[in-house]
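These notes are about the structure you will find just below.
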Number of protein chains: 2
Amino acid sequence: MGNNLDSVRQHNLSTILTLVHHAGSIPRAQLTRRTGLNRSTIAALVGELVDLRLVTESSGETTSQVGRPSSVVQTNPDTVAIAVNPEVDAVTVGVVGLGGVVQNRIRFPTEKPPTVREAVNITSAIIAGIQGGLQTETRIVGIGIAVPGLVCQSNGLVRLAPHLGWKDEPLTEMLADATGYPTSAGNDASLGARAERTFGAGRGIDDMIYLNGGASGVGGGVISSGVALGGTSGYAGELGHTRVRSDGRADSAGVRGTFESEVTRLALLEVLGLSSADTDELEQALFAAKSLAVRSEVNRQLDFLGIALGGAINILNPRLIILGGFLGSLYALDPERLHKVVAHEALPVSWNDVTISRPKLGADLLMVGAAELAFSPLLADPAGLSAQKAGRVPDKSSQESERTALNGSR
Amino acid sequence: MGNNLDSVRQHNLSTILTLVHHAGSIPRAQLTRRTGLNRSTIAALVGELVDLRLVTESSGETTSQVGRPSSVVQTNPDTVAIAVNPEVDAVTVGVVGLGGVVQNRIRFPTEKPPTVREAVNITSAIIAGIQGGLQTETRIVGIGIAVPGLVCQSNGLVRLAPHLGWKDEPLTEMLADATGYPTSAGNDASLGARAERTFGAGRGIDDMIYLNGGASGVGGGVISSGVALGGTSGYAGELGHTRVRSDGRADSAGVRGTFESEVTRLALLEVLGLSSADTDELEQALFAAKSLAVRSEVNRQLDFLGIALGGAINILNPRLIILGGFLGSLYALDPERLHKVVAHEALPVSWNDVTISRPKLGADLLMVGAAELAFSPLLADPAGLSAQKAGRVPDKSSQESERTALNGSR
DNA sequence: TTAATATGTAGTTTGCTTGAACAAATGCAG
DNA sequence: CTGCATTTGTTCAAGCAAACTACATATTAA
């Protein structure tokens with residue numbers, strides 16, 4: 001069980017770096033108020049973060065108020081994470097700086113869904129290319145992968161990614177070996193939830209559900225009390241397999257009557273007579289369509305969406321539900337209908353708390369989410385991880401020896 | 001946002017008191033290992049807790065091993081909480097000591113479901129009686145109420161308790177005013193989950209679901225990452241209203257096809273030809289019955305139970321599911337059938353993590369759970385709350401002044 | 001009885017936060 | 001333009017909690 005020793009310092013550094021990371025840039029005086037720490041302490045802590053090259057301090061641009069203007073603390077754009085997102089038809093790799101700024105994004109299309117080996121090779125190659133173009137000052141703290149499937153938290157194994165055809169693949173380990181960077185992976189929707197909560201529509205919201213409707217099905221991520229809901233192995237949030245009717249079509253797991261089997265992008269395309277379309281095109285087509293068949297299919301899907309949301313609301317009591325992908329389009333077509341269904345399914349007191357909205361982050365969503373995964377060890381222990389280049393969780397011996405050395409020199 | 005100053009002390013005291021509370025009694029050496037703190041530090045911290053009369057130290061009874069035997073730290077039975085559980089036909093009040101030991105339990109039957117005023121009056125009267133019989137040394141830290149309904153976390157209002165006929169009742173405030181003790185309330189199933197997790201079948205399990213089947217329906221509580229899942233207002237865990245079929249009977253909220261409407265104690269009693277029975281009698285009758293009709297109803301309910309559990313497993317990825325009340329009886333009748341249904345509904349990788357079991361705590365369950373609620377401020381800040389008699393969450397000014405005084409005297 | 005092992009105790013050391021005093025930079029009133 | 005109030009950054013001494021070291025103590029094994 002955990003407790004404190006001189007890890008006070010670690011905790012405070014973590015708190016401050018996290019605040020700066022979330023805000024992008026924030027006055028030092030603000031840090032004083034938000035943390036409740038003394039000005040002198042903030043000065044010392046920020047100084048250390050500057051020494052660690054994690055943040056920079058500039059004296060300009062404060063809100064004009066009475067008194068001496070506060071110096072502004074900003075994230076250091078030299079500290080970056082690599083974000084990776086393998087998909088059915090492409091592998092996307094991005095460079096994301098502290099503060100959630102996507103500096104670079106490269107989408108590498110593939111003819112077929114990539115194998116794990118291919119995904120690793122493509123990613124390694126792109127990273128090698130990126131490294132060549134980077135400033136020598138730039139430091140990569142690690143790699144985060146957003147996987148469209150179930151990833152085991154404890155060992156990093158991709159247990160199942162049906163649309164990629166992956167099963168029990170050691171993706172994390174392979175990419176770490178290939179690149180030498182500390183690597184971690186997570187479910188794409190869970191990371192999307194994290195991104196929206198930190199930088200998007202869910203800023204400051206502690207209890208929310210993010211649902212994304214994509215070509216390959218429905219993914220979900222839950223934030224509860226400000227923390228991503230993981231479960232024992234990190235598989236939590238799979239709302240797509242919620243039962244919404246007794247019978248019906250089969251979903252990707254072969255089960256009938258689930259949310260994911262009834263509410264699909266494909267069914268919308270079919271009724272529209274389209275063979276393919278991206279999310280924006282689909283939404284435009286849906287809004288333009290006057291046909292009764294389209295309307296009826298939209299309503300049918302909205303009703304099932306409402307049933308799934310109602311169940312989730314009863315279990316999770318969220319304040320916010322963010323609907324991404326074509327789920328957001330469905331919602332935009334007829335918010336009232338969805339509200340009505342949910343109101344019927346969910347307990348009134350719980351439904352009362354809920355706001356439904358669409359995501360704020362666009363194409364960068366998964367890049368930002370995956371980068372969060374890579375940043376999290378650094379945010380949790382800024383001094384410990386900046387010390388060594390690799391950035392793995394520091395083992396006690398190395399920390400000890402470092403501290404002993406410091407003591408000796410004084 | 002929070003961080004550390006001399007709150008290190010608070011955190012460490014909290015950690016140690018929590019460990020002792022959960023274990024009941026634990027050797028000091030064990031505390032050293034579990035916390036990672038130094039022996040001297042543990043000595044000082046335990047010393048402070050002894051001074052605060054929260055724990056006691058005795059030198060006897062350690063496991064015989066090489067070396068000097070460690071002194072054993074025990075919870076001080078003089079520190080107690082009052083647990084209250086209003087029900088349809090009775091109000092139960094108990095005295096629970098630190099360590100989760102129920103020292104006293106009084107069940108006061110009522111002819112009709114009590115009004116809030118009646119519940120408060122009965123409780124106050126019983127507490128007055130208890131106080132008379134207590135040692136003068138005994139200190140009551142507060143009152144916890146387990147309510148069969150939805151309780152708002154932020155203001156303590158009982159939003160809805162359908163079986164008691166309560167709606168938006170300020171129960172917490174009324175009982176606090178009547179008794180003078182700090183009072184808090186929570187949903188009965190959520191508190192049951194907490195009790196089983198701390199002292200029962202869920203010891204050491206960080207992700208679990210507790211489901212209880214009672215006369216008035218199905219209640220649920222979720223523990224995620226070791227913390228009770230609350231949601232925005234504390235209504236989370238209402239698994240009873242999960243949809244398990246497209247149509248069907250109406251549940252207590254007037255919605256058809258929910259878990260609670262299909263899986264009921266009443267339907268079991270009816271098919272058995274019984275008019276009333278407690279949980280044990282019902283279970284015996286179910287095991288004794290050979291009739292095909294009984295068997296078929298049990299199977300029907302098991303199937304719906306499986307559907308509800310499957311959905312919950314997909315969303316929450318628990319390691320353990322505890323089935324209380326008649327849900328436990330149903331499970332005991334045919335575990336294999338339930339396993340089969342759940343295996344079909346849930347994602348295999350998530351289902352793979354799950355163990356299903358029955359509760360370990362008996363009639364004391366809700367007393368222990370409600371007491372946990374009352375103990376939690378004390379466990380979070382042992383020194384801060386023991387200082388004043390009332391035990392409310394200390395406001396900053398009082399803490400400040402106290403600290404200033406200490407500084408001044410030295 | 002002696003050695004080995006593990007725990008409790010006392011006094012010193014270390015590191016982090018704090019607080020007070022002072023310097024610096026801005027807005028506002030005259 | 002000048003002085004005052006206000007807010008923030010900076011410096012340095014002080015306080016405090018945990019860690020460390022050394023020693024005392026209590027048990028098992030030989």
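In the text below, chain A, chain B and the rest are named by the order of the sequence lines, each starting its count at 1.
Proximity of A:N12 to the phosphate of C:dC16: no side-chain N or O atom is located under 4.0 Å from OP1 or OP2. Taking 4.0 angstrom as the limit, B:R33 places a side-chain polar atom (N or O) nearer than this to OP1 or OP2 of C:dT7. Regarding contacts with the backbone of C:dG19, a side-chain N or O of A:N38 is found under 4.0 angstrom from either OP1 or OP2. The side chain of B:R28 places an N or O atom within less than 4.0 Å of a non-bridging phosphate oxygen (OP1 or OP2) of C:dT9.
Which of C:dA24, D:dA17, C:dG8 sits closest to the side chain of A:R68 comes down to C:dA24. Candidate nucleotides D:dA17, C:dT5, D:dT8 were compared by shortest atom distance to the side chain of B:V66, and C:dT5 ranks first. Distances from the side chain of B:P69 to the nucleotides D:dG9, C:dT17, D:dT27 place D:dT27 closest.
Between A:I26 atom CD1 and D:dT8 atom P the separation is 13 Å, expressed in whole Å. When the P atom of C:dT17 is taken as reference, atom NE2 of A:H11 falls 11 Å away, rounded to whole Å. Between the C1' atom of D:dA5 and the CD atom of A:Q65 lies a distance of 14 Å, rounded to the nearest Å. Look at CD on B:E57: it is 14 Å from P on C:dT7, rounded to the nearest Å. Separating the CG atom of B:L37 from the C1' atom of D:dA17 is a distance of 11 Å, rounded to the nearest angstrom.
Applying the side-chain hydrogen bond (donor to acceptor under 3.5 Å, both in side chains) rule to A:R194 yields no partners; only residues at least two apart in sequence or on another chain are considered. Considering only residues two or more places apart in sequence or on other chains, B:S25 meets the side-chain hydrogen bond (donor to acceptor under 3.5 Å, both in side chains) condition with none of them. Shown here are the side-chain hydrogen bond (donor to acceptor under 3.5 Å, both in side chains) partners of A:R319, two or more places apart in sequence or in another chain: there are none. Looking at residues two or more places apart in sequence or on another chain, you find no salt bridge (charged side-chain N to carboxylate O under 4.0 Å, His left out) involving A:D78. Checked against side chain to side chain contact (heavy atoms under 4.5 Å, CB included), A:Q103 has the following partners two or more places apart in sequence or in another chain: A:P77, A:V80, A:V95.
In the region residues 39-46 of chain B, proximity to DNA chain C at under 4.0 angstrom, judged on heavy atoms, holds for B:R39, B:S40.
Residue B:R9 holds its CZ atom at 8.5 Å from OG1 of B:T41, rounded to the nearest 0.5 Å.
Looking at B:R139 and B:T79, their side chains do bring a donor and an acceptor atom within 3.5 Å of each other.
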